[in-house]
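A short write-up of the structure that comes next.
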Amino acid sequence: MKYEERLQNVTVLGAAGKMGSGILLLTAVEMADLSLMPENKGKIFVLNAVDVSDEALHGLMGYLRTQVRKIAEKKTVLLRKLYADRADLIENFDVIDEYIFDVMNIVRPVNALEVAYNSNIIFEAIKEDPALKVKIFSQIKENSNVNPWFFTNTSSIPIHEIDEKANLDGQVIGFHFYNPPAVQKLVELIRAENTLDEVYDFALTYAKRLRKVVVSSNDFAGFIGNGHFMRDALYGIQQAVKMADNFGGFVQGVYAFNKISQDYLIRPMGIFQLIDYVGVEVCSYIMSVMNPYLENEDLHSDILDTMVEQGVMGGQYSSGAQKDGFLKYEKGRPVAIWDVENKKYVNITDIAAQVDAKLGEMPTSIKPWKAVNFSKKKAAILETIFTEMSQMDTLGAQLAKAYNQRSNDIGNLLVDSHVANSTEDVNTVMLTGFFHAYGPINDYLK
Amino acid sequence: MIPHKKVYMYGGYNTISMGTGRKEFNPKKERPGLEHYIKEAGQGVLKQIGGAGNVDEGVIGNFMAARFNNQANLPGFLPMIDEGLSMKYGTSVEGACGSGGLSLQTGIRNVLAGTSEITLSLGVEVQNTMKAIYGADVLAGAGWFKKRKEGHAYFFPGQFSDRAGAYFEKYGKEYARKGMSRWYANAIENARLDPTAQEYHNTNPNPYETCLKMEPNGKFFVDNLNVLDCSKVSDGASGIAICSEEGLKRIGVDKSEAVEVVSFVHSVRDITKDPTDLTELEAIKYASRKALKEAGIKAQDLGTIEVHDCFSIAGILVMEALGLVEKGKGAQFVSDGNTARDGKYPTNTTGGLIGWGHPTGGTGVHQAVTIWQQLTNRAGDAQIKMVDDRPYGMTINMGGDDVTISAIIYKRGE
């Protein structure tokens, strides 16, 4: 079956979710573009957008329309060529509107799983629950009329386990988009031992046509992205606990290590803000999925569990704004920190000065992530900052050095344990998927 | 034509040319509309001429308010400027980006016809109401609609990219792009001297290099122009009073504070016909040379010129059409600095369409305002020094791809 034939009938499961909607959008656009090729005129392309929530599907269609318009506006030059034979489409207005219709006309929003039985490709972006994924895949596999391929967006579950438990005969691959899929350039492809060559080849072609940066990870729980992030997050939490007495409490510890990871290490957000961004519950859950597969490690945090019990979940609103978690946000900026023991937020302004004094002076050359990451002189700026920092003896500089060392160790662990094929792959994932200004495996702050 | 009686212009006023580049421009926030710009420019003129009571007629040049702002019947906005214009004669004129020129030509003609001693001539466009990709559709209205389908997504950049491509082929791409980049750099340097210019806040230390290094990319835009070769999307308006001798007396202004219209030509080329030679602006050549001839002067007698550089290549082609330099040598002429503010023929001294901005229907009037400012020493930081033996200023305004052309020659009133 040729590439475009396989893409003639696709189902996205969890299509109205944060990841699913992005995957649906990209796939719908790719399918529409194929349908507009002269050789495909007259062929019908079908993309089932399956979700349990009718309300979410309702919102999904609005999201799609807005996003497809933006995409069409950016490629109108090309679209005018694709619609050159349509005498009725004269102005950009006409062409863009028609394209939006053509994309939307491929998508069938529905809450019944049965539509997937005719699909050649099943994209799965449902809850990170191994049992649920296996159950749904099994059901589709048993009932399918076409022997489909399964693309799972799992960020943590080993692919071979899904393969074996759902009897997929190697017709499955991990296709891990980063959030939000429509914007984030990175895709982690995870091939299980049994994954068929043609499935891998197709996935690679598809990812490249979507102009994604592809990193192939090996089939170990968490892969590269979460393999690094979850350990990094756990380290941050543990350090905040360990240093609580030095700083005057856990809340102060959270403030200190959020600052160390963001300001000292020049990352786009501090580690606690990143946990909130992904979701406290999601992090806790991913750790619990990964943990059974790890040897000599306990990837688990009681604090995350407690916060979930307390209903402090983090995550994002549909607008993309952050929900309160470890940190409380006003206009996107952290203003307070959750006191797990006393179940209340403590204002950052009440504790910052005292913690900052203990951390000591920042390097004089320090710059925020935004000023560094997008500078043409990024490498030189990083070199200057970290050279200065490495010569400093303040508590802040020491903790930053230790933090960076741990990040290096995690990166190397991923390579040594064959999760990643190279240090470069680890660094690409963190640079592209997490927008770090430099890779975790680095020579800074030695 | 040579006016059979004296016609003057006085009291010019420009609003800011608003759009990307201005610090105060935020595409996500609501902005002033058509009414604001008409009112500001209109009142700006009225203040200088003793109020609306002195005005006999009003004319508004505008290209596409009907689509950009869903607004027609623009004469109805004249009394909004000032009650004193209520119930008086008012009209609006349209000739695409040459609408402002038509507003001037209409004013001149009415004064000559004797129906008016003082005509308030305005030009306005508010185009940031839609994204550029849709604005391109609206602006494409300046071409023949039957050609729209085969045209580029960015229709007019596409048209002038073809002209640039023909020029590249004939005379050399590197040579041409050097001239075009110098044109851009001149525009930015001049705009920085006029607080109302869209590029007033531009701080690029080397605009010439920036433009030269930005290789045109047809995959994302057009084949032979980069974005800096193009004028931007602008909101703005300009106004000026067109007066007879009697009119000037009425407002108590000395002739020396006004500019006198020496000759004025408006020429129209068939919109349904493609240009015969892409490297020549045939209608501009006709209109500008006719205006010079009627004024009894040569292009070399001009002290300063405002030309329609909707694209850098158009600026160069106008230099050739006007007869300042022979065909194919325009890029060299510009590269050599002849059109810079310290060159022999200071051109577009407040930035022109690329630097000051191009609120399409307003541009022709803005050109006249700049000439009035320069010839009467009112140009502030942008003031150039006029030479005694070349006291003439000229404006060349173009609608569409060399279709509706207004060419006017001025000198300071005596």
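Hydrogens, waters and symmetry mates are skipped; everything else that's a heavy atom, side chains included, is used. Chain letters run A, B, ... following the sequence lines, proteins first, then strands; residues in each count from 1. Keep in mind the model is a prediction, meaning the values are calculated, not measured.
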Ionic contact status for B:Arg148 with A:Asp94, cut-off 4.0 Å: no
Short side-chain donor-acceptor distance under 3.5 Å, [Y] and [X]:
X: B:Glu125; Y: B:Ser234; answer: no
X: A:Asp33; Y: A:Tyr99; answer: yes
X: A:Thr432; Y: A:Lys185; answer: no

B:Phe220, B:Phe221, B:Tyr154, B:Phe145: which one forms the most heavy-atom pairs within less than 4.5 Å of chain A? B:Phe145
Proximity breakdown for B:Phe155 and chain A, heavy-atom pairs closer than 4.5 Å: neither
Residue part contacting chain B, namely of A:Ile96, when any heavy atom lies under 4.5 Å: side chain
